Amino acid sequence: MPELPEVEHAVRRLRGWIATRAIVRAEAHHKAIRRTLTPRRLASLQGRAVRDVSRRGKHQFVHLDDARVLHVHFRMNGDWAWVAPGADAPRHVRLTLHLDDGARVVLTDSRALATAVLLDDVAPVLAELGPEADDPALTPRAFHAMLAGKRTPIKVALLDQRLLAGVGNIYATEGLWHARVDPRVAAGALTLAQARAVLTGVRKALGRGMRREGRYAEGDSHEFLVYDREGAPCRHRDGGTIRRIVQGGRSTYHCPRCQRR
DNA sequence: ACTAACCTGGTC
DNA sequence: GACCAGGTTAGT
């Protein structure tokens, strides 16, 4: 369930579990993970101490004491779980890190799209990412300039990790609703005021997500303001009805009444 | 800018 | 059985 808030909280949990530990053994349980973490690479993790865990966008980096980095991306369904010594592992475990305190940290992923790669250098990964959405150095003016000339719809542009790192389908959708901007508008056609509103809106949505650790959905219901609310009344109380459209193969929800170009 | 692909599971 | 899924990339 990973977008930036979820990944940030996953990193904090993972850091608490393994930051001062060493990896005793590593196992891959799915062929998709074995493609990058070969038996030889898994064996090379044995005995490595973990220095720290960091995040950029939705990318996670486990820094090892030999300067290598385990680069993990949750994609659609990845998550970390901690397993007590001797306890049963949860379902859908794709990677197990056995720790020197007898516990295990496992990468769970029902859909098996998550990736785990050993890197000598994180620079090539970072080079592909734009600024963090909440980077205070990113001003509305700078954001507006980044959108200049882009003919792609603003909703699709927001999902481009080279533009902003960490914004996913839910927060792009929610952010545009906060900003009252039509998701179909060409990114380059936004006024400075609209660009400012979109940046503020995305940050507001991410802030909401951070406060709930990304856990918007509880049981059958959720607390999204537009996402997954097709046919429901707009929460701006303007009498509009939320519509679902598809952009770039992804669902977008918006209120035709208040989200104007 | 859309489609398929990577994968599996849940829901109508 | 069909369609949906909070991501990303490669190839039209």
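Just so you know, these numbers come straight off a predicted model, no measurement behind them. Protein chains get the first letters and strands the later ones, always in sequence-line order, with residue 1 at the start of each.
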Looking only at atom P, what distance separates C/dG11 and B/dC7, rounded to whole Å?
16 Å
Classify the side-chain pair A/R104/A/T96 by whether it contains a donor and acceptor separated by less than 3.5 Å.
no
Categorize A/R151 for me: base, sugar-phosphate, or nothing, with a 4.0 angstrom heavy-atom threshold over every strand shown.
sugar-phosphate
Can you confirm whether the side chains of A/H59 and A/Q161 place a donor and an acceptor under 3.5 Å from each other?
no
Residues forming a salt bridge (charged side-chain N to carboxylate O under 4.0 Å, His left out) with A/D228, sequence neighbours excluded
none
Whole Å only: how far is the CZ atom of A/R162 from the P atom of C/dG7?
16 Å
Bracket string, DNA chain C, 5' to 3' - pairs by Watson-Crick or G-U geometry under 3.5 Å, | interstrand:
|||||.||||||
Please give me the minimum heavy-atom distance between A/N169 and A/E3, naming the atom from each residue.
N-OE2, 3.2 Å
Below 30° counts as parallel, above 60° as perpendicular, anything between as tilted: where do the rings of A/W82 and A/W17 land?
tilted
For nucleotides 7-12 of chain B, give me one character per nucleotide, 5' to 3': B if any protein heavy atom sits under 4.0 Å from the base, S if the only such contacts are to the sugar-phosphate, - if neither.
BBS---
Nearest to the A/T152 side chain among C/dA5, B/dA1, C/dT8, which nucleotide is it?
B/dA1
Of A/I242, A/I170, A/T173, which meets side-chain contact (heavy atoms from CB on, under 4.5 Å) against A/F224?
A/I170
Atom C1', compared across C/dG1 and B/dC6: separation rounded to whole Å:
22 Å
Identify the residue among A/H236, A/H254, A/K204 that makes a side-chain contact (heavy atoms from CB on, under 4.5 Å) with A/W177.
A/H236
A/E230 atom CD is separated from C/dC3 atom P, nearest whole Å, by 16 Å
With a cut-off of less than 4.0 Å, is there a side-chain N or O of A/Q161 near OP1 or OP2 of C/dT8?
yes
Parallel, tilted or perpendicular: ring planes of A/F61 versus A/H63, cut at 30 and 60 degrees
tilted
Value in whole Å for how far the P atom of B/dC2 lies from CD1 of A/I245:
10 Å
Any chance CZ of A/R261 has more than 12 other-residue heavy atoms, nucleotides or ligands included, within less than 6.0 Å?
yes
